[in-house]
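The structure displayed is predicted, hence computed values, not measured ones. We name chains A, B, ... by the order of the sequence lines, and we start the count at 1 in each one.
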Amino acid sequence: MATPRVHLRILSGERRAAERQAGAKPLSVAARFDDGTTHSASLTTSSPGTLLLAIDGKQPAPDARLTALLVSDFSTIECGKEWSLLDRTRAISEAIYIIRHRDQEKLRQFEGLVAPEVFFYSSHYRLFDLETDKDAEGVSQILTALKDCPIPIEASVRFDENSIPVTLDFSSNSSDLSQLDLKIDPDDGPFFPLGEVILDFNFLSVRYLIPAKVGPHDKDFGFASAELGSCVLSVSGRSHDRYTCDQPVTVGSKRSDQIHCTLTEISPEGGTFNSTVTLPASISVDRCYIESDSSRVAIQVFQIQKLGGGVSRARFRFERKAGTFDARVSGFFFKSLSGRSVARDERNYEQLLDLYHATGCVPAGTQTREIWEDNSKRAWRSLDKELYGNCVLYKGRDGAAHFSIGALPLSRGTIYAHSLAGLISLEAGVGLSEQMVLTQTWLAFVPGAQYYSGSYRKTSKLSSRIHVNFSYGLEPKAQIILHTLTLWNPEVIPQKKSEFVFEFTDTWPDNVTSLRPDCGGAIGCLVGSPGLSAPGHNIRYVLCSRKNGEGMVGAAIVHHFPDLSTCTNFLNHSFLITSVSDVEAVEINSALLGFLRESDRATCPARASILLGVGPIDREFEAIASPPGQEYKPVFWTFTPQEELNCINISLAKASYNLCRKYGNAGLEAYAQTSLFS
Amino acid sequence: MPKLQVVNRDLKDLKVLLQLNDAQKAELFEAKSEADPALSRLDIYSSTSVAQSSQLCRTHQIELGVVCQSEAFGVFHLGLMDLLNACPTLKVVVLLKDLTFEAGSLLKANPTVINFQSLDKINSYETFREVVFSLVRASEADSFRNDDLESSYNLQRGLLVGHDDWAGKKDVARRTTCQLSDRFDLSRTQLQKIIVAENIYFPWLQPSEFSRLTVDLDPNINILLSETGSWLNNIRAPRSAGGFLITCANYLAECASTGKTAEEVTRVFAERPLYLKHPAVRVILPEIIAHALTIAQSDGLEKAG
């Protein structure tokens, strides 16, 4: 056995190499040991399936065993299951641990093709072991879906450091999918490899990498056959989509003249522009700006490429002060969208009102359409001025809005997607996923936002479409699903003599969460003022106790937004947290609504929910008999951490795909133009 | 290692109409079916009225339906008749609120009603799924009884006049078609159409002659036949996997009758003459050829000539 000193030197070298190759800063994690201690550590990786953990400074006890790495609030790598400790070297000031994935040998095949950091997050990858029946069945489902897709699936055959484009071809109609036909461009035929390759393609927001063995080139049909190996890796770690655009912009810096360019891609993080004049080198050193119409934002150019034909391409990222909201950046982003997706503004208010009217998204108690329209426009003007892009529309060829959804900061860590409205049309099907992904960009703009949330009736067809499609894909592990019983437009029924008393409190008392520790994570997503509040949004907390002095029985979080900020005032919502029996919870909720109405008639919520518990979407709760005149409906709320949005987007991509499929090949061709298809 | 193969072959390209009076439930079942691996490849279209159902059936060429009784039987039956008149190719399973003798007799008299059951069987998604499976099974059983198969045998008998040497070959070709069909992604309904087309296929017939023969049959039969190849003059290549399968099975039957060895036939397949030139030929591996010939020859086929 090597002496620790020698071993340490080797490992330190490997650590540095890993850090260099990873090209990213080591990730700060917390290492948990079986003696209950937790140590700050840095995590690096240079190859798929191998992690290097370095603990500097205070060292764990010599006999302490590493049990888990807390990669983030939402991701933990448990040692002893998929991952296991391979080696450990300790010195006075540094300890290095090598952690290997159970299938490290298989994962090594993807070296150089997948960023090894993907393996930090279990919801970003799935390795299908084709030697097991369950995984083979899963891959068969995926390949069958590819076969049934009328849009040709483009793939790359990767070998050494080369890549040849191919198309997956199923025209033989073979029932055996362990061998795939790859259609090759005749020009690529002579260069096509024989033997071991990796087949690489995207389908519905998931990237698939399949080790395969290529057989001889069949010149009759221009095919090569690829015999699939023993595993399939599916990867999806895309945090934000890039949107194509075609927008004239001006780029400049202190040292360079203004250059007229074309913005070709935009994301919440940055974008790409093309220029027909040579871009000066200073542009990638200096602090630059990009300007379009009236918006000017600071950017940093980090890559310049020459495309040929005198065209240069530059990639940039927005320069933003950490922890602050920069309305110029979000405004620039939403104003640059040049596809069918547009942000709500004065020019399309009428179209949005028509959509809400057509889909029945009109608040109860609205007197006339004119009054509702005028009030809506007034509410939107104020919102759109402060938070441009807080609601987006997908326009059809006819110019009408076919789909729309909004997003507003709900609490300290949560962005809530609201006012989802869609026509029954192909264009609404196409718009569904694109618009929902667009609202997720607010997670990048709002300081402190970590969760993307939404709420759905348990019987909603939409929730069935977009939240259960994980069967054979990547599944969110840290998503919180909260079940509530929700009262729509509550009528306050006068209580004969309520045995509960209520009082407002400025801060959320931690001991309330202890009433329902099971819902702690969900409650955390509902409390606290957002890093950026929508105009007029306020959160109040109400404590509830028994009159007889037996102490606190619950508390409520009451969100208030100005009227019509959301299409059905859904976010004017109270959440009651209590541990009493269901029947009593309904009584408390009625009394709470009475209290809210008495204290400030204007802030009485449009929805009143009682928290039931957390669990999978299909978790059933015992039915509660609604009191006369009140109808409680089961609702579930999803809170998805930013790191797991990829899973939601896979589900959304499938939902849109299934909807568009019902419009035949034309429907799928329309959907294939969107970024979520591939 | 478990084999990777296509899933839910029997549901391939199948479209099912669900007419339920509860719109929310119908849409929910439709949405849930999209995420259900057991129902992948099946498209469910939900509707709440006869008019909507007729429209869906016409737009999407739906052939199977689950129709639920939502009103008094007399009114419901009139609506059902309207639907079946508007969509003559639709076959339905009817779910009745009250299963009475009279209702049963009326429905039984209608050949497009392939089954009827009590409505309480569709109170959850799971029971709905069972109904869909029973519908698919009933439809498959029903489709094998259809007139096309009988007509195709009659046509075959006519075409065999003056071609006595082909009587035995057609028998072998039909069995070879069934045997090879497992290698292809075919639903039972598709296979049935291939069998009907195979009955009428003879290598000397031209596409224009097929179209004259199949006027009374399902239009898909003629399409399949027009996609076949022929080795007699080697000027016609198969244009679909189904067309290839029919050509290939008949060619193998011919080879078996002339006593060609597996090696000889494999060489022909490897040369890819025009009549076998379709990507589906890649599915027919040498061992499959050898196996098919062995079975054909062990069936007692006499050498021709």
Side-chain angles (χ1 to χ4, degrees), chain A residues 129-145 147-148 169-181 183 218-223 225 228-230 232 457-472 651 654-655 657-659 661-664, chain B residues 1-9 11-13 15 22-38 40-41 43-46 56 59-61 125 180-186 190 239-245 270-272 274 276-285:
Chain A
D129 178 0
L130 299 186
E131 282 161 12
T132 67
D133 287 340
K134 190 175 166 230
D135 283 7
E137 170 72 17
V139 172
S140 291
Q141 285 274 3
I142 293 163
L143 295 175
T144 304
K147 182 178 180 296
D148 289 345
D169 190 291
F170 295 97
S171 56
S172 73
N173 203 29
S174 174
S175 60
D176 179 5
L177 295 173
S178 49
Q179 191 164 305
L180 298 181
D181 285 339
K183 183 103 178 154
D218 185 333
K219 292 193 177 93
D220 283 337
F221 304 113
F223 287 163
S225 61
L228 306 193
S230 61
V232 172
R457 293 264 295 275
K458 272 195 94 164
T459 50
S460 147
K461 61 178 175 174
L462 184 77
S463 65
S464 300
R465 282 205 161 98
I466 65 179
H467 282 287
V468 295
N469 260 328
F470 303 122
S471 323
Y472 287 104
S651 193
K654 276 192 198 169
Y657 180 77
N658 285 329
L659 284 172
R661 209 155 63 101
K662 300 215 163 156
Y663 293 88
Chain B
M1 195 158 88
K3 203 173 170 186
L4 297 176
Q5 52 192 349
V6 289
V7 298
N8 297 348
R9 263 195 262 188
L11 305 182
K12 189 187 168 201
D13 297 332
K15 292 171 181 173
D22 182 341
Q24 201 178 26
K25 200 186 248 185
E27 288 176 349
L28 186 66
F29 288 172
E30 179 184 327
K32 281 194 167 190
S33 73
E34 289 168 8
D36 184 350
S40 67
R41 311 188 91 185
D43 283 330
I44 296 200
Y45 294 82
S46 59
L56 282 170
T59 313
H60 301 287
Q61 286 89 47
Y125 175 72
L180 295 182
S181 66
D182 190 46
R183 308 274 168 182
F184 294 92
D185 181 19
L186 300 167
Q190 286 173 320
R239 290 190 288 112
S240 71
F244 169 84
L245 177 56
E271 284 164 9
R272 308 268 173 83
L274 194 62
L276 294 175
K277 203 161 192 163
H278 185 274
V281 72
R282 293 163 56 78
V283 177
I284 310 297
L285 302 172

### Query
At a heavy-atom separation under 4.5 Å, does A/Leu143 approach chain B through its side chain, its backbone, both, or neither?
side chain

### Query
Contact part of A/Thr132 toward chain B, heavy-atom cut-off under 4.5 Å: side chain, backbone, both or neither?
backbone

Between [X] and [Y], does at least one N-O distance fall below 4.0 Å, as a salt bridge requires?
{"X": "A/Lys662", "Y": "B/Glu34", "value": "yes"}
{"X": "A/Asp218", "Y": "B/Arg282", "value": "yes"}
{"X": "A/Asp176", "Y": "B/Arg183", "value": "no"}

Between [atom1] of [X] and [atom2] of [Y], what distance do you get to the nearest 0.5 Å?
{"X": "A/Arg457", "Y": "B/Leu28", "atom1": "CZ", "atom2": "CG", "value": "11.0 Å"}
{"X": "A/Asn658", "Y": "B/Glu30", "atom1": "CG", "atom2": "CD", "value": "10.0 Å"}
{"X": "A/Asn173", "Y": "B/Leu186", "atom1": "CG", "atom2": "CG", "value": "5.5 Å"}

### Query
Less than 4.5 Å apart, any side-chain heavy atom of B/Pro279 and any of A/Phe221?
yes

### Query
Given the options A/Ser230, A/Gly664, A/Ser171, which has more heavy-atom pairs under 4.5 Å with chain B than any of the others?
A/Ser171

### Message
Using salt bridge (Lys or Arg N to Asp or Glu O under 4.0 Å), reason through B/Asp43 and A/Arg661 one step at a time and then give a plain yes or no.
### Response
CA-CA 9 Å; B/Asp43 283 330; A/Arg661 209 155 63 101; 2.9 Å; yes

#### Entry: Under 4.5 Å from a heavy atom of chain A, the part of B/Lys277 involved
both

### Task
Would you mind checking which part of B/His60 comes under 4.5 Å of any heavy atom in chain A, side chain (CB onward), backbone (N, CA, C, O), both or neither?
side chain

### Query
Under a 4.5 Å heavy-atom cutoff, which of B/Val6, B/Val281, B/Asn8 has the most pairs with chain A?
B/Val6

Hey, is the main chain of [Y] close enough, under 3.5 Å, to the side chain of [X] for a donor-acceptor pair?
{"X": "A/Gln141", "Y": "B/Pro37", "value": "yes"}
{"X": "A/Ser172", "Y": "B/Val283", "value": "no"}
{"X": "B/Asp185", "Y": "A/Ser174", "value": "no"}

### Task
Taking salt bridge (charged side-chain N to carboxylate O under 4.0 Å, His left out) as the test, write out the residues that go with B/Asp182, two or more places apart.
B/Arg9

### Message
Walk me through whether B/Arg272 and A/Lys219 qualify under side chain to side chain contact (heavy atoms under 4.5 Å, CB included).
### Response
CA-CA 11 Å; B/Arg272 308 268 173 83; A/Lys219 292 193 177 93; over 6 Å; no

